[in-house]
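Below is one structure, written out as structure tokens; the observations come after it.
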Amino acid sequence: MTQAVVSLVIQNLVPLLVDEATFLSGIHREVAQIKGELESIHSYVRDADAKAEKDAINYGAKTWVNQLREVAYQIEDVIDNYVLYMATEAQCHDCPRVFGTLGRALCMILRLKPRSQMACEIKHIKDRIHAIKERGKSFGFRSSEPEANTENESWHDPRVTSLFIEESEVVGIESHRDRLIGWLVNGAPKRTVISVFGMGGLGKTTLVRKVYENHLVTNHFNYQAWITVSQSYKVEDLLRKTLKEFYKARKETPPTEIDQMDETLLIIELREYLKQKRYMVVFDDVWTVEFWALIRHTLPDDGQSSRVLITTRSEYVASSCKESSFDEMYKLQPLPEEAALELFCKKVFHSDTESGSPSELKELSGNLVKKCEGLPLAVVAIAGMLSTKRKAKSELQKLESSLGSELLTNPHLSSMSRILSLSYYDLPYYLKLCLMYFGMLPEDYSIRHARLIRLWIAEGFIKGTRGRTMEQVAEEYLAELINRSLVQVSRIDVDGKIRTIRVHDLMREIILSKSEELSFGHVWTGSRSSFDGLTRRLLKVLDLHGAPTDFIPEEVGDLFHLSYEYETDFSISTQRGLKLKQGLGRLENLQKLYLVEANHGITLFRELRKLKQLRKLGITKLETPNGKMFCESIALMRHLESLEVCSQSEEEILDLKFLSSPPQHLERLYLKGRLERIPDWIPQLKNLVTVSLMWSRMIIDPLSILQNLPTLSELVLQEAFLGEELVFQATGFQKLKILKLYDMNTLMTLTIEVGALPLLRLLKIGPIPRLDTVPAGIHHLKSLTALRFYDVSKDFALKLLPGVGQDFWVVEHIQTVLFHYQLQGECYRTSTLGDLV
């Protein structure tokens with residue numbers, strides 16, 4: 001992780017040296033020398049980190065690593081202070097002329113002290129880095145790339161025990177086992193690759209071992225071999241080991257010359273040995289996408305129904321092994337809670353069922369199992385620790401409250417911790433930084449995908465590259481963490497994009513421990529009132545989620561490093577937002593501002609014009625006369641992706657016609673207020689995914705204008721139309737998946753032509769009191785799986801009764817048809833078609 005910190009500091013120094021060179025004067029040379037020293041020491045850090053992660057260095061060397069990390073943080077603080085100083089100095093240049101020459105001279109004198117102080121600090125840091133570099137030479141760290149072969153390093157692999165678990169000890173694998181066995185012994189004569197992937201600790205090795213040893217498999221294949229690959233290997237050694245394993249499985253003695261063969265001869269020997277044989281080989285714990293490309297040509301594909309079985313944590317690796325329709329990818333899922341509880345009770349109470357546990361311990365047992373989130377490794381490790389203790393309520397309570405610390409200190413859990421940590425250690429430095437940020441989030445918390453990406457960018461973890469924006473780079477980083485099974489997707493959006501993500505709670509505990517060890521950040525739980533001296537970085541992120549505040553203080557504008565501000569606890573339905581004070585416009589890197597009130601003078605619009613980096617903006621209480629100023633501000637926000645605008649009241653007109661050049665990256669648009677018509681600029685937005693119009697009360701049908709938006713996936717119309725008929729034309733809304741039509745009191749006819757809405761999955765309608773007949777066009781919506789009616793009359797509903805309703809044929813192809821009737825406030829009573837009989 002020290003490599004990550006040092007790399008980030010070097011990365012952030014480069015633009016500073018380029019962009020601020022004319023201002024730094026004497027300090028510039030010192031900073032440039034620091035950068036040079038860091039770059040020269042950086043090559044040693046990779047080796048030091050790798051050895052530290054395997055506990056392969058002594059205490060003195062670990063201290064060296066920690067000192068280097070601390071000085072990197074110190075550099076970051078000094079540079080942050082310098083940027084703050086430059087911003088203050090720029091303001092000083094603008095001193096009112098009323099102070100005259102004397103005032104400007106005073107400013108100059110006041111500036112000399114901090115400039116001199118920073119020069120001293122930077123020189124001290126430079127000397128300290130040089131001393132650390134000299135001490136590092138005594139620890140024998142290599143400056144080159146680490147060798148792939150690490151066989152000489154003494155390190156016990158805790159995964160080895162997975163190969164020797166008895167069948168009676170395994171729970172919940174039956175369906176997975178049978179599926180894999182079916183693929184192995186049935187199917188095409190072509191050589192087939194089957195990849196089992198999933199998070200570390202799910203039991204991939206255990207499952208595949210039970211498959212490998214199953215009599216149906218051993219009787220089917222003439223030749224079998226099991227090869228553990230792991231993170232470090234040489235192809236030559238791997239081929240030699242594979243050959244020997246095939247010989248060993250058949251109780252044959254391998255030729256002695258195998259040990260002297262090079263890679264080419266080994267490939268020839270292996271292909272010849274397996275020629276016209278039905279073989280099965282398992283490559284367990286594969287980490288790289290290059291693996292299959294290196295090994296595929298060594299295994300003959302000669303129509304003998306041979307099979308290759310691979311286990312990996314990475315979906316990328318699994319997909320790299322799928323070269324044809326015959327190959328399979330199998331994602332192993334966590335244990336269901338019932339199976340996990342059965343496994344827990346088997347280990348702790350030596351019972352095959354939950355009923356075997358004492359009644360007073362059932363709830364606590366269930367709580368501990370829930371913390372494992374279906375991870376068999378965690379269940380077995382925690383149960384194994386408890387099996388050595390008294391089966392007392394106090395013991396389980398103690399473990400439940402201190403599981404995080406026990407994970408790191410208890411020897412019974414150390415193997416689990418190391419197995420889970422392997423995926424973290426395998427990450428490149430830039431992904432380690434991104435993963436560490438999950439430690440700043442609450443337990444069991446799913447964070448919105450867009451919010452996390454903006455936080456990463458605000459923290460400086462992401463740098464744009466030629467031809468790609470920072471957002472695109474961040475998307476790639478997140479995708480890689482997901483594919484490595486370190487981050488879990490908890491919700492998918494209507495357009496198929498990831499909505500929210502999270503990490504497994506036990507992985508979060510590991511992240512938290514590393515975060516505290518590395519002074520990456522601290523989570524305040526209320527039991528601590530102070531922070532470590534290293535946790536002092538200048539504020540870059542201000543997240544007011546859930547904070548009881550209704551205004552942004554003017555002093556926030558002095559937070560020059562701030563690039564992310566978040567406020568979302570106030571619902572737009574209440575029209576309540578934050579009151580903006582002057583000064584926010586100085587936060588030129590701000591990316592998210594939501595939700596602010598626009599009815600407190602023109603200050604907001606002056607400040608908004610300066611916020612050109614915004615990605616998300618929410619405005620409430622916008623008054624009609626201010627529409628033009630607001631549009632002029634929006635036109636400057638070229639990166640805007642989400643815009644929410646709410647008028648002062650239901651009757652107030654949203655005058656948005658002045659936006660002639662809208663942000664072309666806009667994906668989500670929410671307008672709440674009167675519209676005379678759909679603004680002309682909306683059809684220009686080719687990336688719109690969601691459009692919501694509320695209180696619009698248009699007389700002109702809005703569908704004809706919206707229907708050709710090429711990427712529109714969700715459309716919400718609430719009190720949006722005052723006409724009597726809405727028509728979905730045959731060629732319209734070709735990508736729409738969700739449609740919600742609410743509160744249209746004048747609508748009498750809803751027409752859906754053949755060819756319209758071909759991908760629609762969810763349709764919500766109502767209340768629409770004058771709509772007496774079921775729209776027959778619903779019958780054409782073959783992708784529709786859920787239809788929900790709100791506050792329709794009983795006569796309307798009875799027309800849809802199965803078998804007897806005259807309009808049942810319209811909806812008989814739909815999986816779910818529900819009727820919701822409002823009781824009080826937001827409470828609804830829900831009925832199915834069967835409830836209406």
Side-chain angles (χ1 to χ4, degrees), residues 158-159 161-181 195-214 284-285 311-313 315 318 329-357 361-387 396 399-400 403 407 412-413 415-417 419-420 422-423 443-444 446 482 484-490 502-510:
R159 294 164 294 182
T161 55
S162 301
L163 303 177
F164 305 103
I165 297 176
E166 297 294 336
E167 188 83 35
S168 59
E169 297 180 71
V170 182
V171 169
I173 71 166
E174 294 79 11
S175 61
H176 306 301
R177 180 197 61 204
D178 294 345
R179 182 84 170 270
L180 293 176
I181 290 174
S195 302
V196 180
F197 66 98
M199 179 182 177
L202 276 176
K204 300 181 294 296
T205 298
T206 301
L207 167 65
V208 172
R209 190 70 186 187
K210 295 310 167 191
V211 169
Y212 179 82
E213 295 171 345
N214 188 276
D284 183 39
D285 198 27
T311 71
T312 178
R313 302 185 183 198
E315 188 172 352
M329 291 172 58
Y330 191 73
K331 184 174 184 178
L332 190 58
Q333 300 293 339
L335 276 179
E337 193 169 318
E338 299 79 11
L341 193 57
E342 178 187 342
L343 179 60
F344 181 84
C345 292
K346 180 177 287 191
K347 292 288 184 181
V348 178
F349 307 112
H350 307 291
S351 167
D352 289 341
T353 63
E354 180 192 355
S355 59
S357 63
L361 300 182
K362 283 184 179 179
E363 183 179 351
L364 283 168
S365 298
N367 292 342
L368 285 170
V369 167
K370 284 178 183 176
K371 283 182 176 289
C372 298
E373 295 187 54
L375 212 59
L377 173 72
V379 175
V380 170
I382 291 172
M385 185 183 72
L386 286 172
S387 66
L396 271 69
L399 179 59
E400 183 185 10
L403 185 58
L407 188 63
H412 289 93
L413 303 182
S415 292
M416 176 182 70
S417 180
I419 289 174
L420 293 178
L422 285 174
S423 294
E443 187 178 7
D444 280 330
S446 289
I482 292 170
R484 286 172 177 260
S485 302
L486 283 165
V487 173
Q488 302 169 346
V489 176
S490 45
R502 66 186 297 272
V503 291
H504 193 286
D505 280 346
L506 294 179
M507 178 57 71
R508 178 179 175 272
E509 293 292 345
I510 290 172

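Nothing fancy with the numbering, it's 1 onward along the sequence.
One distance of note links CE of M507 with CE of M199; it measures 4.5 Å at 0.5 Å rounding. One finds the CG atom of N214 at 13.0 Å from the CZ atom of R209 (value rounded to the nearest 0.5 Å). Atom NZ of K362 is separated from atom CG of L341 by 9.5 Å, given to the nearest 0.5 angstrom. With rounding to the nearest 0.5 angstrom, the CE atom of M329 is 9.5 Å from the OG1 atom of T312. E373 CD to E337 CD: the interatomic distance, rounded to the nearest 0.5 Å, is 10.5 Å.
Taking each heavy atom of L202 and G374 in turn, the nearest pair found is CD2-O, 4.1 Å. Considering all non-hydrogen atoms of both residues, L377 and I419 come closest at CD2-CG2, 3.8 Å.
For A340, the side chain to side chain contact (heavy atoms under 4.5 Å, CB included) criterion is met by L335, V369, V379, not counting sequence neighbours. For T311, the side-chain hydrogen bond (donor to acceptor under 3.5 Å, both in side chains) test picks out D284, with sequence neighbours left out. In this structure, the salt bridge (charged side-chain N to carboxylate O under 4.0 Å, His left out) partners of E443, at least two apart in sequence or on a different chain, are K371. Checked against ring-ring contact (aromatic ring centres under 6.0 Å, His included), Y212 has the following partners two or more places apart in sequence or in another chain: W226. Qualifying salt bridge (charged side-chain N to carboxylate O under 4.0 Å, His left out) partners for D444, counting only residues two or more places apart in sequence or in other chains: R502. Judged as a side-chain hydrogen bond (donor to acceptor under 3.5 Å, both in side chains), and not counting sequence neighbours, the contacts of S446 are S490. In this view, S423 and R313 satisfy the side-chain hydrogen bond (donor to acceptor under 3.5 Å, both in side chains) rule, not counting sequence neighbours. With sequence neighbours left out, the side chain to side chain contact (heavy atoms under 4.5 Å, CB included) criterion links K331 to F197, Q333. Taking the side-chain hydrogen bond (donor to acceptor under 3.5 Å, both in side chains) definition, one finds that N367 meets it with E400, sequence neighbours left out.
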Inset, instruction - Evaluate the side-chain contact (heavy atoms from CB on, under 4.5 Å) criterion for residues L386 and L368: first the C-alpha distance (whole Å), next the side-chain angles of each, then the deciding distance (0.1 Å), finally the verdict. - result: CA-CA 11 Å; L386 286 172; L368 285 170; 3.8 Å; yes

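The backbone N or O of C372 lies less than 3.5 Å from a partner atom in the side chain of H504, making a donor-acceptor pair. When atom types are taken as modelled, the side chain of K204 and the backbone of G198 share a donor-acceptor pair closer than 3.5 angstrom. Between the side chain of E315 and the main chain of I482, no donor-acceptor pair closer than 3.5 Å is present.
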